[in-house]
Amino acid sequence: MPIPVPPDNEDHNSDEESQYPNAEFIDSDVEELQSADFPAYFAERDGRVFHSRGSSLYPMPVDTPEQERMNVQHRALVELMGGHYPGGCPVADVLAEDPEQQKFVMDVCTGTGKWTMEMARDFPHVAFRALDIVPIATRLPLPNVQFTMHNANTPTSYADGTFDLIHARSVTMAVTSYGTLITEAVRLLRPGGLFLSGEWGRYPAFHPDFPGSTPPTHAPALVTFFARLQGALTARGLAPLSPPIAALLAHTGGFVDITSRDYYMPIGSWPADAALRRLGRAFRAVFMRYLASVRPLLIENGGLSEDEVDQMYQNVENELRTVQGMVTVFHTVHARKA
């Protein structure tokens with residue numbers, strides 16, 4: 001059913017970049033970085049905290065503002081999808097309790113660990129292993145959760161056929177070769193095991209109910225921003241766009257029941273539906289934080305000056321507050337190991 005658009009009479013300056021407009025999305029369980037952590041894991045540049053692991057090209061900060069952004073984004077996505085995985089994805093079947101075999105789940109690039117911790121509560125009989133390059137997940141994990149530092153671009157030490165589910169969400173800014181990641185997933189999954197991927201589209205988009213709106217015409221500043229971002233990621237050695245994951249899975253010959261589904265996250269208060277409007281306002285604030293987080297990348301790897309970024313961001317923020325129908329597309333793919 002098409003989403004009707006209400007009259008746009010809101011105060012467009014109501015949610016500043018540093019604030020989230022919906023209190024229920026704010027999560028106080030953010031892992032504050034301690035001074036003792038810095039020498040081994042972190043480096044500070046231009047007032048932001050980044051990982052200091054030279055083997056990883058991950059360009060985003062790992063400090064409290066970025067953790068807050070990731071947690072709000074997680075909650076908004078769970079609400080949009082209606083759960084922690086796409087509708088129709090056979091997670092419950094794959095993780096059904098089996099008295100003869102312990103079930104295992106791997107979460108790649110777990111970040112703050114919210115997906116892992118919430119899934120572990122839903123499936124208390126399952127053992128969860130969550131991996132990331134930096135230790136920013138909770139230090140008080142559930143009994144069935146283990147957080148481990150690991151670079152997703154290198155093989156793990158787990159034995160073949162250990163896992164029933166491998167979850168890889170928002171990993172393309174950390175993974176230099178998605179094909180290598182899939183090869184490792186084939187090795188680690190048990191027969192019938194599930195690979196679940198989710199990636200945000202790094203391009204401007206409009207909801208299908210706005211067929212007359214095109215990014216070059218109605219969101220030119222966002223077109224410029226994403227082009228600059230793609231250039232900076234390429235210069236850093238990362239893929240500028242999400243890879244064709246379904247095609248990569250099919251190419252291995254090791255997966256069956258490959259299923260793709262896209263979700264449209266509204267940006268701004270344009271939806272008439274109250275729940276979607278609330279999501280749109282929260283996600284607009286997420287996007288504002290995202291702009292701040294990629295700013296160093298645009299300057300260091302994108303060749304832009306501070307003034308050039310400021311002018312581009314001013315135009316982008318104006319579009320985020322005024323343009324109707326804008327969305328960010330979340331691409332999901334799941335498949336069973338043959």
- Task: Just say parallel, tilted or perpendicular for the rings of Phe330 and Trp200, cut-offs at 30° and 60°.
- Result: tilted

In short, Thr156 meets Glu184 closest at the heavy-atom pair N-OE2, 3.0 Å

Notebook entry, point to check: Does the ring of Phe50 carry Arg45 above it, NZ/CZ under 6.0 angstrom from centre and within 45° of its axis?
Noted result: yes

Exercise. Between Thr180 and Thr183, is any side-chain donor less than 3.5 angstrom from a side-chain acceptor?
Worked result: no

Closest heavy-atom pair, Arg236 versus Leu57, reported as atoms and distance to 0.1 Å, is NE-O, 2.6 Å

In short, His84 meets Trp115 closest at the heavy-atom pair O-NE1, 2.8 Å

*asked:* When you measure from the side chain of His207 to the backbone of Asp209, do you find a donor-acceptor pair of N or O atoms at a distance under 3.5 Å?
replied: yes

Exercise. Where do Thr116 and Asp107 land on the side chain to side chain donor-acceptor pair (under 3.5 Å) test, with the steps shown first?
Worked result: CA-CA 7 Å; Thr116 291; Asp107 186 22; 2.8 Å; yes

Between Glu308 and Gly303 the two heavy atoms that sit nearest each other are OE1-O, 4.1 Å

Q: Using a strict 4.0 Å threshold on nitrogen-to-oxygen distance, state whether Arg289 and Glu66 make a salt bridge.
A: no

On a heavy-atom basis, the closest approach of Gly113 and Phe147 is CA-CE2, 3.9 Å

Checklist entry - Which is it for Trp270 and Phe206 under the ring pair (Phe, Tyr, Trp, His ring centres under 6.0 Å) test, yes or no, and what are the steps along the way? => result CA-CA 12 Å; Trp270 57 266; Phe206 284 88; 9.0 Å; no

Note to self: Tell me whether Tyr263 shares a hydrophobic cluster with Val171, the cluster being built from Ile, Leu, Val, Met, Phe, Trp, Tyr side chains joined at under 4.5 Å.
What the structure shows: no

Check: Is it true that a side-chain atom of Arg336 and a backbone atom of Gly192 form a donor plus acceptor pair closer than 3.5 Å?
Finding: yes

Tell me whether Asn153 contacts the main-chain N or O of Thr176 through its side chain, where contact means a donor paired with an acceptor under 3.5 Å.
yes

Can you label the angle between the Phe225 ring and the Tyr313 ring as parallel, tilted or perpendicular, going by 30° and 60°?
perpendicular

Between Pro266 and Val327 the two heavy atoms that sit nearest each other are CA-CG1, 4.1 Å

Asp310/Arg295 salt bridge by N-O under 4.0 Å criterion: yes

- request: Would you check if the side chain of Arg187 reaches a backbone N or O of Tyr158 as a donor-acceptor pair within less than 3.5 Å?
  value: yes

